[in-house]
Amino acid sequence: MMAAKLIAVMATCPKLRVGTVVVKNKRIVASGFNGAPPGHPHCSEVGCLKFEEEGTSCRRVIHSEHNAILQDSANLAGGTLYTAYLPCIDCMKAIIGARIDEVVYEGEYESHKSRYKSSRDFAALSGIKLRQIPEVNIVNLLARYYEQHNEDKPSEALEF
């Protein structure tokens, strides 16, 4: 999950920065972040594309899950996908198509309860395991790692 959080920094939609990694045989085999399709302007350059009747969702971006799958969809079967939020129904369809076995996520959008039900139903029908974990605080984890491996240096030396 830490790798997914680092990749999220590259996202180009200011509405929400999300990263995704797919792990297979204990190796990261694909990654993605939310951003515009290749050759299109990014939200960070021209703003988000929203349709009033669809709420506040940005329609300019390809979601991080889908971008990760597009990297190597033919070789992700049996993998585990890590991302911050339970994938939307559209991303879940791509996950099913890539034959990913498990989705690990931290949370859900409060405003998308009905959409998540469909996503969960699709996952269950396809045998995909959904596993919610507590939020990973990458800054705290890195600080603890630094302190464990640099006992002779003060933790104030760690800068972010």
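Owing to the predicted nature of the structure, the values given are computational and were not obtained by experimental measurement.
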Item to complete: Using the side chain to side chain contact (heavy atoms under 4.5 Å, CB included) rule, take Ile96 and Ile128 through it: C-alpha gap first, then chi angles, then the decisive distance, then the call.
Response: CA-CA 8 Å; Ile96 293 165; Ile128 295 172; 3.5 Å; yes
For a 4.5 angstrom cut-off between non-hydrogen side-chain atoms, does [X] reach [Y]?
X: Arg60; Y: Lys15; value: no
X: Arg131; Y: Val103; value: no
X: Ile7; Y: Ser64; value: no
X: Val29; Y: Asp72; value: no
X: Met92; Y: Leu130; value: yes
X: Val18; Y: His63; value: no
X: Ile95; Y: Ile69; value: yes

Donor-acceptor pair, [X] side chain versus [Y] backbone, under 3.5 Å?
X: Lys24; Y: Asn75; value: yes
X: Glu106; Y: Ile133; value: no
X: Gln71; Y: Gly32; value: no

Using 0.5 Å steps for rounding, measure from the [atom1] atom of [X] to the [atom2] atom of [Y].
X: Tyr145; Y: Ile138; atom1: OH; atom2: CD1; answer: 13.0 Å
X: Asn25; Y: Thr80; atom1: CG; atom2: OG1; answer: 10.0 Å
X: Lys117; Y: Ile89; atom1: NZ; atom2: CD1; answer: 10.5 Å

Fill in: Pairs involving residues 29-53, ordered by first then second residue, that meet side chain to side chain donor-acceptor pair (under 3.5 Å) (sequence neighbours left out)
Thr12-His42
Treat each ILVMFWY residue as a node, draw an edge where side-chain heavy atoms are under 4.5 Å apart, and state whether [X] and [Y] are in one component.
X: Ile28; Y: Leu70; answer: no
X: Leu81; Y: Leu125; answer: no
X: Ile62; Y: Leu49; answer: no
X: Val61; Y: Leu16; answer: no

Fill in: Pairs meeting criterion ring pair (Phe, Tyr, Trp, His ring centres under 6.0 Å) with involvement of residues 66-101, two or more places apart
Tyr85-Tyr109
Taking all atoms of both residues into account, what is the closest heavy-atom pair of [X] and [Y], and its distance?
X: Cys48; Y: Cys13; value: SG-SG, 3.6 Å
X: Cys43; Y: Cys58; value: SG-SG, 3.4 Å
X: Asp101; Y: Gly78; value: OD2-CA, 3.3 Å
X: Ala68; Y: Thr20; value: CB-CG2, 3.9 Å
X: Val104; Y: Met1; value: O-CE, 3.7 Å

Worksheet entry | Derivation of the side chain to side chain contact (heavy atoms under 4.5 Å, CB included) call for Val136 and Met2 | CA-CA 7 Å; Val136 173; Met2 285 180 61; 3.9 Å; yes
